[in-house]
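Remember, it's a predicted structure, so these values are computed and weren't measured experimentally. Every heavy atom of this structure was used, including side-chain atoms; hydrogens, water molecules and symmetry mates were not.
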Amino acid sequence: MRLSGIYGRSLARCVLVRRGACVQFPTFAATRPRPCRPTPRQQLQTPPSTASYHNSPRLQNPASTDEPAQQPALTSRPSIAPKPAIDIKHIRQSPDLYAQNCRERNYPAAATYPARINELFAQWKGKQLEGKNLRSRRAHLKGLLANPASSLADANDADDTPVPRDQLIEEGRTIKATLSKIEEVEAQLEAEMEALALALPNLTSEETPRGTEPRVLSYINDHPEPEPALSDRVWRSHVHVGSELKILDFASAGKASGWGWYYLLDEAAQLEQALISYALTAATRSGWRQVSPPSIIYSHIASASGFQPRDENGETQIYTIAQDAADATRRRPELALAGTAEIPLAGMRVDTTLEEGSLPKKHVAVSRCYRAEAGARGVDTKGLYRVHEFTKVELFAWTEPDPDATQDLFDELLDLQTEILGSLGLHCRILEMPTADLGASATRKCDIEAFFPSRRERNDGWGEVTSASICTDYQTRRLATRARLDGKVVYPWTVNGTAMAVPRVLAAILENGWDENEKSVTIPQVLRPWMDGREKIGPRHHAED
């Protein structure tokens, strides 16, 4: 059996073996989209679109362009943090490109930063010239003090009286004090330029749709209910299914932890582990090296990876760990809970030079993920779709800074995502995501959305289950991750994507596999080796705790 990925790539047959059972990935229906390639910086500009699609808080309440632009705060970088190497020269040379990119990605305040950087650079150049002239004069004064006879050259035009030594010394002191102030201003200007440059999002691929509406690239598997009006099938949400089968417990989690947490019981807990094992097996068989990463990272590593502890509106996005007064006084770095394994994986190569021949370097990791999801309460928050803590299998890789090499790896990642979701029997669509939906680090992003019967009144039933991004050198420049290629030190590009977002995929399996008559859920065949060979999850009557 052979599988064809969404870009037509041929995937080798993958067989899972567990306790003597042999399970193959089934084939799935997918149409081939037009191949896409990331482009050089100078070509990344396209007029914006005005269509609307997603209901994200950032799109509903964008910052008004009429409000005064707020510049990023100048905060001191922890001493252990990597020193970023932002290409400010390119920003200065292409301010209109970066400003337009910010507007397209819904960063209206940041659109003013490129022009501001040029203003600051002009001030910095002026200070540089002023300092150069003063240093030249200081060097001349040193020569006069070293050779008093030469001071005749500095005598007043009206007479031949040499400049007194005390006057030369006093002028030197004045120059030293002035230079100190100039250098202080230069440092402040440089810090402000760097802060503004760091706050700019990555440039956008020309393949990315401008605006807010994604482009459908292809579909996976047939729709389970193409004509819902004619269907007599009873659909239930995963919350109802889990309650009916007594495998999900949200009420107890609400008492123990609050909104956004959950208990998985019996087959649901086993299904979580099956999904993790299946995704890891598929990834490792495809050559991705398995890593078990930490869940607590420095906040500056999260920021350098493109994840800000707070968004533009000040809402918390990831959890930070409170510091005591002593740690704050000693200026110890702040810690945070990782929102995704992408962050600690990117941090593996902080301030490191990758040797030639080691690229591409591909890792897969399973981790618990923590999302504050501030401002996200609403219809999406009932059940497993939007939660504060979940398990995810993440793919992350470094590649050569080459569009073709990066695209090959991106295609491989998308093929792997398609293979996994298709073999689970889920009906999905693959989307090229628009500029308004890109995170700060991504130049391009493709999402895969699965069909959830319970979401038919919202977005026609579609819900995101995986995402894949190309981040070019956005992360490596901020994390000081370098690579030695052909005798030169360069910044590699990064690619990342979801192999398995457990709660959402588990919810999709419960909803799409539900049989109202039997009151049971069919387990996808590829997961059965990890479910003790069980084909269905049926009703069970547990004693009350």
What I'd like to find out is whether the side chain of [X] reaches to under 4.5 Å of the side chain of [Y], using heavy atoms alone.
X	Y	answer
L335	S299	no
P401	D473	no
Q273	V502	no
V366	L280	yes
K361	L354	yes
L438	N202	no
T494	T399	no
F451	P224	yes

Is there a donor-acceptor pair closer than 3.5 Å between any side-chain N or O of [X] and the backbone N or O of [Y]?
X	Y	answer
N496	A468	no
E389	R371	no
T208	P434	no
R456	P453	yes
T340	E342	yes
T481	R349	yes
S218	I430	no
D437	M433	no
T443	S205	yes

What I want to find out is whether [X] reaches [Y] closely enough, with some N-O distance under 4.0 Å, to be called a salt bridge.
X	Y	value
E412	K362	yes
R444	E207	no
E244	K519	no
D266	K246	no
E432	K445	no

So, for [X] and [Y], which heavy atoms are closest and what is the spacing to 0.1 Å?
X	Y	result
R210	E104	NE-OE1, 3.1 Å
I220	G422	CG2-CA, 3.5 Å
T498	V465	CG2-O, 4.1 Å

Exercise. Do other residues, nucleotides or ligands put more than 12 heavy atoms under 6.0 Å from Y298 OH?
Worked result: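 Atom OH in Y298 is not packed in, count stays at 12 or less.
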Problem set entry | CZ (R534) with more than 12 external heavy atoms under 6.0 Å |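 More than 12 within 6.0 Å, yes.
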For this session: Tell me, with the steps shown, if N106 and T435 meet side chain to side chain contact (heavy atoms under 4.5 Å, CB included).
Result: CA-CA 8 Å; N106 211 26; T435 51; over 6 Å; no
Hey, would you say the [X] and [Y] ring centroids sit under 6.0 Å apart?
X	Y	result
W288	H363	no
H427	W462	yes
H238	W514	no
Y263	F250	no

Verify the distance criterion only: is there a donor paired with an acceptor across the side chains of [X] and [Y] at less than 3.5 Å?
X	Y	value
Q525	E535	no
D402	Q407	no
W493	E400	no
D447	S467	yes
D249	S252	yes
S305	Q475	no
H240	S237	yes

Problem set entry | Audit row: I509, T522, side chain to side chain contact (heavy atoms under 4.5 Å, CB included) steps and yes/no | CA-CA 8 Å; I509 290 173; T522 300; over 6 Å; no
Problem set entry | From CA spacing to verdict: side-chain hydrogen bond (donor to acceptor under 3.5 Å, both in side chains), Q290, T284 | CA-CA 7 Å; Q290 189 167 328; T284 54; 5.1 Å; no
For this session: Run the numbers on K392 and M500 for side chain to side chain contact (heavy atoms under 4.5 Å, CB included), then give the verdict.
Result: CA-CA 6 Å; K392 182 156 73 84; M500 180 65 64; over 6 Å; no
Problem set entry | L275/L506 under side chain to side chain contact (heavy atoms under 4.5 Å, CB included): CA gap, chis, key distance, verdict | CA-CA 8 Å; L275 288 168; L506 192 152; 4.1 Å; yes
For this session: Kindly compute the distance separating CD1 (I318) from CG (L337), expressed to the nearest 0.5 Å.
Result: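 Reported value, rounded in 0.5 Å steps: 8.5 Å.
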For this session: Working to the nearest 0.5 Å, report the span between CG of L413 and SG of C446.
Result: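 Here the rounded value is 10.0 Å.
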Exercise. Can you pull the salt bridge (Lys or Arg N to Asp or Glu O under 4.0 Å) pairs that have at least one residue in residues 270-280, sequence neighbours excluded?
Worked result: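 Qualifying pairs, neighbours excluded: E272-R368.
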Problem set entry | F452/Y385 under ring pair (Phe, Tyr, Trp, His ring centres under 6.0 Å): CA gap, chis, key distance, verdict | CA-CA 10 Å; F452 290 79; Y385 190 80; 5.7 Å; yes
Problem set entry | Partner residues of K536 under the salt bridge (charged side-chain N to carboxylate O under 4.0 Å, His left out) criterion, sequence neighbours left out |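 Listed in chain order: E518.
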